[in-house]
Undergrad: 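One structure coming up, written as structure tokens, with questions to follow.
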Amino acid sequence: MIKVHKVEKKYWWAISYSLLSGLVSMAIVTIFRPWGQYEGTDDYLVLNGIYLDSQEEIETWSDFADGAPTSDLEDTYNRLQTAAIVFLVFNIISMLLYIATHVMLNLDNCGKFSKTLLTVIFYWLGFVFYLIGYIVFVTEANVTFGEADEGVFDAEGELQKASAGTSAIIGLIIILLSGIGVTLHTYIWWRVNAAMKLLNASS
């Protein structure tokens, strides 16, 4: 049995797909939880718009664009809608890549799959897709990990700076954990691959 640092390969794979399961679960949460909070109001930023506490409903970016008094504001809200779509699509792609990696590692542990280089490729792609989607939306939606501005919009109707909400924080945790996870997985794969070559050469 191939070991890396005195631990069998199957246990390393188990660590990887356990982390992948956690990442997928957290990524699902980021779709539905608030992304930002503003000072002086109970309204908050969600992926597809602003939850207005006074109306107890979400005003979507499309709604804001339709009611925008100027073309510049309409463009701003359309960009926010595009950023939200980019995040949603990239998040789904990332989750599918993580699930595929999870399945391949399980199959390898069962002796029914051997092309584990694909798990490294898929893991990295999942990490990159989520990272890009996260950066696009957080940047466009003006989410900060510092203090928020007063109110949701300024006098010109521009979206104000929001302090990071649940989804923004969980998203950052996903990036950190997946970055550590994919680096560790790549290293373990490299060590396992090297050990297999030595084993094959000696047999």
Undergrad: Counting only pairs under 3.5 Å, give me each side-chain donor-acceptor contact of residues 116-139, with atom names and distances, residues two or more places apart or in other chains.
TA:
residue : atom : partner : partner atom : Å
Thr116  : OG1  : Trp189  : NE1          : 3.2
Thr119  : OG1  : Thr116  : O            : 2.5
Thr119  : OG1  : His185  : NE2          : 2.9
Trp124  : NE1  : Thr186  : OG1          : 2.8
Tyr134  : OH   : Ala168  : O            : 2.6
Thr139  : OG1  : Ile135  : O            : 2.7

Undergrad: Looking only at non-hydrogen atoms, find the nearest pair between Ala65 and Glu74 and report the distance.
TA: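 Heavy atoms only, the tightest pair is O-CG, 3.6 Å.
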Undergrad: Got a second to check how far Leu23's CG is from Ile174's CD1, nearest 0.5 Å?
TA: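 The CD1 atom of Ile174 is 6.5 Å from CG of Leu23, to the nearest 0.5 Å.
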Undergrad: Indicate every side-chain donor-acceptor pair of residues 80-88 with a distance under 3.5 Å to a residue at least two apart or in another chain.
TA:
residue : atom : partner : partner atom : Å
Thr82   : OG1  : Asn78   : O            : 2.9

Undergrad: Distance-only, no hydrogens or angles: does the Gln37 side chain make a donor-acceptor pair with backbone N or O of Asp43 under 3.5 Å?
TA: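 Here the side-chain-to-backbone pair exists.
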Undergrad: Side chains of Leu19 and Ile15: does their closest heavy-atom pair fall under 4.5 Å?
TA: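 With C-beta onward as the side chain, the pair stays apart.
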Undergrad: Do Tyr98 and Ile173 share a hydrophobic cluster, counting only Ile, Leu, Val, Met, Phe, Trp and Tyr and linking them when any side-chain heavy atoms are less than 4.5 Å apart?
TA: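 In one cluster with Tyr98: Ile173, yes.
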Undergrad: Within this structure, what is the CE-OG distance for the pair Met104 and Ser114, rounded to the nearest 0.5 Å?
TA: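 Going from the CE atom of Met104 to the OG atom of Ser114 covers 11.5 Å.
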Undergrad: Please walk me through it: do Asp72 and Thr76 pass side chain to side chain contact (heavy atoms under 4.5 Å, CB included)?
TA: CA-CA 6 Å; Asp72 286 343; Thr76 297; 5.5 Å; no
Undergrad: Which value, rounded to the nearest 0.5 Å, describes the distance between Asp42 atom CG and Glu56 atom CD?
TA: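 One gets 11.0 Å once the value is rounded to the nearest 0.5 Å.
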Undergrad: Determine whether Pro69 and Leu73 make a side-chain contact, defined as any pair of heavy atoms from C-beta on separated by less than 4.5 Å.
TA: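 A side-chain contact exists here, since the closest heavy-atom pair is under 4.5 Å.
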Undergrad: Under 3.5 Å, side chain of Ser167 to main-chain N/O of Trp35, donor-acceptor pair present?
TA: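 No, the answer is negative, given that no donor and acceptor are paired below the 3.5 Å cut-off.
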Undergrad: Assess the residue pair Asp66 and Tyr77 against the criterion (side chain to side chain contact (heavy atoms under 4.5 Å, CB included)); give the C-alpha distance rounded to whole Å, side-chain angles, the decisive distance to 0.1 Å, and a yes or no.
TA: CA-CA 9 Å; Asp66 291 340; Tyr77 298 133; over 6 Å; no
Undergrad: Output, in order, the C-alpha distance, side-chain angles, deciding distance and verdict of side chain to side chain contact (heavy atoms under 4.5 Å, CB included) for Glu8 and Ile2.
TA: CA-CA 6 Å; Glu8 292 182 15; Ile2 294 173; over 6 Å; no
Undergrad: Assess whether side chain to side chain contact (heavy atoms under 4.5 Å, CB included) is satisfied between Tyr17 and Thr101, documenting all intermediate values.
TA: CA-CA 8 Å; Tyr17 58 67; Thr101 304; over 6 Å; no
Undergrad: Would a 4.5 Å heavy-atom cut-off, applied to side chains only, mark Trp190 and Ile188 as touching?
TA: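 The answer is no, as the side chains (C-beta and beyond) never meet within the 4.5 Å cut-off.
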Undergrad: With heavy-atom distances below 4.5 Å as the criterion, would you say the side chains of Asp154 and Leu159 are in contact?
TA: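 Side-chain contact under 4.5 Å: no.
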Undergrad: For residues 141-152, run the donor-acceptor check on the side chains, cut-off 3.5 Å, and write out each pair with its distance to 0.1 Å, sequence neighbours left out.
TA:
residue : atom : partner : partner atom : Å
Thr144  : OG1  : Gly146  : N            : 3.0
Asp149  : OD2  : Lys161  : N            : 2.9

Undergrad: Applying salt bridge (Lys or Arg N to Asp or Glu O under 4.0 Å) as the test, list every pair that has at least one member in residues 83-111; sequence neighbours left out.
TA: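 Qualifying pairs, neighbours excluded: Lys9-Asp108.
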Undergrad: Would a single hydrophobic cluster contain both Tyr44 and Leu172, if residues Ile, Leu, Val, Met, Phe, Trp and Tyr are joined by side-chain heavy-atom contacts under 4.5 Å?
TA: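 Hydrophobic grouping puts Leu172 apart from Tyr44.
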Undergrad: So, do Thr166 and Ile170 sit near enough that their side-chain heavy atoms are less than 4.5 Å apart?
TA: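 Heavy-atom side-chain distance check passes, below 4.5 Å.
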Undergrad: Step through the shown structure and confirm whether more than 12 heavy atoms of other residues, nucleotides or ligands are within 6.0 Å of CZ on Arg33.
TA: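 Open: at most 12 neighbouring heavy atoms sit under 6.0 Å from CZ of Arg33.
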Undergrad: Could you check whether any side-chain N or O of Thr41 sits under 3.5 Å from a backbone N or O of Tyr38, counting only pairs where one atom can act as donor and the other as acceptor?
TA: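 Here the side-chain-to-backbone pair does not exist.
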Undergrad: Give, for atom CG of Leu20 and atom CG of Leu177, the distance between the pair rounded to the nearest 0.5 Å.
TA: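 Here the interatomic distance stands at 11.0 Å.
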Undergrad: Do the non-hydrogen side-chain atoms of Lys3 and Val7 ever get within less than 4.5 Å of each other?
TA: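 Sidechains of Val7 and Lys3: no contact.
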Undergrad: Tell me the salt bridge (Lys or Arg N to Asp or Glu O under 4.0 Å) pairs involving residues 88-101, sequence neighbours left out?
TA: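 Residue pairs with at least one partner in residues 88-101: there are none.
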Undergrad: How would you list, by chain and number, every residue that makes a ring-ring contact (aromatic ring centres under 6.0 Å, His included) with Phe153, sequence neighbours excluded?
TA: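 ring-ring contact (aromatic ring centres under 6.0 Å, His included) check on Phe153 returns Phe64.
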Undergrad: Starting from Val46, can I reach Phe32 by hopping between I/L/V/M/F/W/Y residues whose side chains sit under 4.5 Å apart?
TA: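 No, Phe32 does not connect to Val46 through the hydrophobic network.
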Undergrad: Out of curiosity, Tyr51 OH to Asn48 CG, how far, rounded to the nearest 0.5 Å?
TA: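 One finds 13.0 Å between OH of Tyr51 and CG of Asn48.
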Undergrad: Given 3.5 Å as the limit, does a donor-acceptor pair link the side chain of Asp63 with the main chain of Glu59, or not?
TA: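 No; judged by distance alone, with no hydrogens or angles, the pair does not exist.
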Undergrad: Examine Val24 and Ile180 and state if one hydrophobic cluster contains both, with Ile, Leu, Val, Met, Phe, Trp and Tyr joined whenever side-chain heavy atoms are less than 4.5 Å apart.
TA: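 In one cluster with Val24: Ile180, no.
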Undergrad: Do His5 and Arg191 have side-chain heavy atoms sitting under 4.5 Å apart?
TA: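 In short, these two side chains touch, coming nearer than 4.5 Å.
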Undergrad: Roughly how far, to the nearest 0.5 Å, is the OG atom of Ser18 from the NE2 atom of His102?
TA: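 One gets 6.5 Å once the value is rounded to the nearest 0.5 Å.
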